[in-house]
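For reference, the structure is listed below as structure tokens.
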Amino acid sequence: MAEDSDLEKTEPASPRQLEKAREQGDVPRSREIGTFTVLAAAALGFWISGEAMVRQLKHMLLMGLQFKREQLFDPQRLGVDWGQQLFDLLLAFLPLAGLLLLAALASPALIGGWLFHTEALVPKFSKLNPLKGLANMVSMRSLSELLKAIAKTLLVGSVAWFVISQQLDALLALASQSPRESTAEHVRLLLACFIGLVAALAVIALIDGPYQMWSYTRKLMMTRQQLRDEAKESDGNPEIKAKIRAQQRAIARRRMMAQVPTADVIVTNPTHYAVALQYPEQGNHAPKVVAKGVDEVAARIRELGAANGVTIIEAPPLARALYRHTELDQEIPAPLYTAVAQVLAYVFQLRTYRSQGGFAPIRPEPVALPAGFDPLETAGNETGGRA
């Protein structure tokens with residue numbers, strides 16, 4: 001059951017999956033939104049410059065039916081006149097053309113964004129496979145496109161029938177009107193039908209846009225195994241990374257153990273913690289930690305220290321505080337100066353006694369640590385507070 005769930009596409013597409021799809025030219029698209037924006041721009045263009053276009057067309061028609069005397073004696077005059085009329089006609093259609101161009105460029109930004117990809121231009125012979133073509137014809141995508149086309153036809157047809165039925169009396173009255181009146185009425189009826197068509201396409205676009213986004217998201221869904229494989233590709237194999245971290249820890253531990261013989265003292269718990277300190281006699285530096293560890297690492301530090309003649313002192317609170325509040329190759333914090341100074345003073349006195357003789361130094365009494373530095377004390381206070 002777990003393997004089946006890993007093979008089911010139940011996870012949303014990752015950012016990398018979306019990026020790869022976009023790199024391949026696969027973005028959500030809605031032809032209905034594009035059609036609606038272009039037709040809406042056309043309706044707006046006709047409303048803005050429709051009168052100027054009709055007037056210019058009428059003028060061009062009238063001038064085409066006239067024959068001037070100047071054109072008879074100057075054949076080039078006819079071409080100049082026609083060129084001027086064509087230029088005026090283009091100027092009249094310029095607002096409409098500009099709006100259509102703007103709508104065609106802006107419609108992709110509404111869903112999917114602009115994307116220019118040359119991979120779609122590369123011929124693919126796999127598309128010529130008749131078996132694959134038959135499979136596409138009976139796919140769920142083809143069925144959804146068929147149902148959408150039927151719904152679109154019914155909706156547009158219903159809107160057209162409603163608009164025409166509302167204007168039926170005006171259509172029948174066209175036969176009794178003069179050419180000038182009937183022409184204006186024709187334009188009005190065509191504009192009404194066109195606006196109704198645009199309104200129907202607006203409804204279709206509002207439905208098709210979210211559907212295309214849902215279909216695109218569903219198509220790019222991933223299985224849990226795909227997510228794991230992608231994580232391995234992007235972040236590296238977790239097993240390999242774990243081995244690398246283990247090797248790094250082992251190298252760091254060997255380097256740390258190599259510093260134990262150079263320590264001046266090892267403060268122990270005595271069994272769980274061990275911290276090796278080194279105090280440079282020259283300079284004005286505080287003691288620094290050259291090694292620290294717990295359990296097995298602490299035991300190894302004690303063994304190396306004993307084998308190399310490093311003084312080992314049992315001071316459980318101080319050992320715990322040093323382990324918690326210090327880092328390797330860094331100086332101890334200032335609040336622990338007093339406690340460590342007493343330990344180091346005993347160590348140096350012990351060295352002098354062993355080399356020169358005299359009175360044996362007295363082992364220092366446990367030194368009280370600043371509040372909050374002993375981990376056991378802090379844990380006890382927290383437990384008491386919760387109790």
Side-chain angles (χ1 to χ4, degrees), residues 9 12-13 17-50 53 93 95-122 124 127 132-167 187-221:
K9 292 187 175 182
Q17 177 81 346
L18 296 175
E19 182 182 353
K20 289 172 59 177
R22 189 171 184 85
E23 290 175 354
Q24 297 173 359
D26 187 6
V27 293
R29 285 286 184 254
S30 174
R31 288 178 293 181
E32 310 305 332
I33 291 181
T35 302
F36 164 72
T37 53
V38 171
L39 291 181
L44 180 60
F46 279 122
W47 180 71
I48 294 175
S49 59
M53 288 188 292
F93 275 85
L96 175 62
L99 284 174
L100 291 178
L101 178 62
L102 182 62
L105 294 176
S107 58
L110 298 177
I111 177 173
W114 287 296
L115 179 65
F116 180 77
H117 200 268
T118 58
E119 186 175 342
L121 302 177
V122 178
K124 294 182 179 179
K127 295 183 178 180
K132 188 175 181 180
L134 291 175
N136 291 332
M137 291 177 61
V138 295
S139 62
M140 290 298 298
R141 179 179 178 83
S142 300
L143 179 60
S144 63
E145 291 294 331
L146 176 62
L147 295 177
K148 186 173 66 175
I150 294 174
K152 182 169 62 175
T153 302
L154 292 175
L155 180 60
V156 173
S158 300
V159 172
W161 176 83
F162 176 77
V163 173
I164 293 175
S165 63
Q166 295 295 319
Q167 304 293 333
V187 172
R188 188 187 68 81
L189 292 176
L190 288 175
L191 185 59
C193 291
F194 190 68
I195 293 176
L197 174 64
V198 172
L201 289 177
V203 176
I204 297 174
L206 289 175
I207 297 175
D208 187 65
Y211 169 76
Q212 293 298 334
M213 291 296 297
W214 173 82
S215 177
Y216 179 78
T217 303
R218 187 171 180 270
K219 180 181 69 173
L220 293 183
M221 289 184 68

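All values below were derived from every heavy atom in this structure, side-chain atoms included, with hydrogens, water molecules and symmetry-related copies excluded. For the single chain, residues carry numbers from 1 onward in sequence order.
Taking Arg31 as the reference, Glu145 meet the side chain to side chain donor-acceptor pair (under 3.5 Å) condition, with sequence neighbours excluded. Partners of Ile164 by side-chain contact (heavy atoms from CB on, under 4.5 Å), not counting sequence neighbours, listed by chain and number: Leu171, Cys193. With sequence neighbours excluded, the residues forming a side-chain contact (heavy atoms from CB on, under 4.5 Å) with Ile150 are Leu146, Leu154, listed by chain and number.
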Using a 3.5 Å cut-off and no angle test, enumerate the donor-acceptor pairs between side-chain atoms of residues 195-206 and protein atoms at least two apart in sequence or in another chain.
none

Under 3.5 Å donor-acceptor pairs involving side-chain atoms of residues 95-105, not counting sequence neighbours:
none

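For the atom pair Gln166 CD and Trp161 CH2, the distance stands at 8.5 Å (nearest 0.5 Å). Note: Arg218 CZ to Met213 CE = 15.5 Å, rounded to the nearest 0.5 Å.
Closest approach of Ser30 to Gln212, counting heavy atoms only: CB-CG, 4.0 Å.
Screening residues 202-216 for salt bridge (charged side-chain N to carboxylate O under 4.0 Å, His left out) gives Lys148-Asp208 as the qualifying pairs, with residues at least two apart or on separate chains. Every pair passing salt bridge (charged side-chain N to carboxylate O under 4.0 Å, His left out) that includes a residue from residues 32-48 is listed here, sequence neighbours excluded: Glu32-Lys152.
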